[in-house]
Amino acid sequence: MVNSYGLNGMGMQAIALFHQIPRELLGEATYVCALNACSHSGLVGEARLIFKNIEMKTMRIYSTMIDCLSRASAFDQAQELIDEYERNHSPESTMYMALLSGARNAKNVYLSQNIYDRMKKLFPERKDPLVSAAVLLANVYASSGEIDKASDIRLEIYKSGTKKKVGLTWITVDGQVYTFRAHDRSHPRSNEIYAEGEKISNEIIKYGHQYDSSWITRVLDEDETVESVLCGHSERLAIAWGFVANPNASKLQMVKNLRICGSCHRSTKLIAAIRQCEMIVRDANRIHHFYKNGQCSCNDYF
Ligand SMILES: [Zn+2]
Ligand SMILES: [Zn+2]
């Protein structure tokens with residue numbers, strides 16, 4: 001229950017419930033859930049208090065706390081915890097990934113590059129975390145306008161032979177599940193879906209949305225624009241399909257296998273408000289409730 005509150009952006013309720021659990025029942029899982037809930041609601045002070053009172057601090061507990069501090073851009077304290085942990089243990093890539101995600105969110109190029117270089121030294125054999133780290137690093141460079149640098153990193157990932165996981169979104173429409181990948185044209189009603197996608201895009205632009213190239217980490221092809229690339233993300237296609245099938249839909253529910261990108265997150269908030277349609281998106285990290293008032297339950301902590 002603590003975890004469910006946390007995933008749904010109800011950090012205060014999660015903490016209140018956590019404090020009702022008798023001490024003898026508290027263990028690694030409860031601590032991780034409570035710290036996670038703090039982390040996703042920006043309750044850093046609460047997290048610090050909980051962490052301080054934990055007697056047996058495991059690797060997962062350290063990682064979760066480091067994630068919480070990194071999300072709040074408390075990088076020095078996160079680093080101190082890593083140092084503390086490494087006094088008695090070998091380094092863990094998840095801790096560095098948490099730090100790097102935080103640095104990415106803060107668009108801190110210098111710190112991101114620094115963490116990535118350390119990861120390469122510490123975990124030369126761990127291909128998967130290194131690829132994920134490289135993707136984050138490319139994102140940081142892209143968001144600070146260094147597209148060439150971002151493309152170089154992507155090329156490096158490509159050459160290493162490891163592929164980035166393909167982003168997929170599943171949507172339930174009239175009791176049936178449909179799957180979309182980015183720039184998907186496999187649906188028999190693709191033309192209508194893309195037309196609807198364009199219509200939605202025009203609506204959100206009218207309400208002040210700007211497509212942000214920093215969410216793109218590759219060089220665009222000649223026939224692409226920032227808008228066309230971002231509108232082709234799998235969740236945007238799924239939303240468009242939802243409205244093609246039910247033009248007056250008041251609720252859409254989706255699942256995405258990766259983390260939702262910042263551009264889709266911002267667009268979806270606007271779409272929910274303009275179309276007066278509540279949208280629930282479960283991504284790799286949490287559950288987003290996009291309300292009709294244009295806000296998301298995650299309060300943009302994601
Ligand atoms: Zn996206
Ligand atoms: Zn959200």
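Just follow the structure's listing: the first ligand is 1, and inside any ligand the first atom is 1.
- A salt bridge links E55 with R23: at least one charged nitrogen is closer than 4.0 Å to a carboxylate oxygen.
- Residue H289: no N/O/S atom is found under 2.8 Å from the Zn ion (ligand 2).
- Every residue meeting the salt bridge (Lys or Arg N to Asp or Glu O under 4.0 Å) condition with R71, not counting sequence neighbours, appears here in chain and number order: D67.
- The Zn ion (ligand 1) forms the vertex of an angle spanning SG of C264 and ND1 of H233; to the nearest 10 degrees it equals 110°.
- Aromatic rings of Y211 and H209 (six-membered ring for Trp) have centroids within the 6.0 Å cut-off, being under it.
- The SG atom of C298 and the SG atom of C296 subtend an angle of 110° at the Zn ion (ligand 2), given to the nearest 10 degrees.
- Note: angle at the Zn ion (ligand 2), from NE2 of H265 to ND1 of H288, is 110° (rounded to 10 degrees).
- Judged by the 6.0 Å distance and 45° axis criteria, R118 is not positioned over the aromatic ring of Y96.
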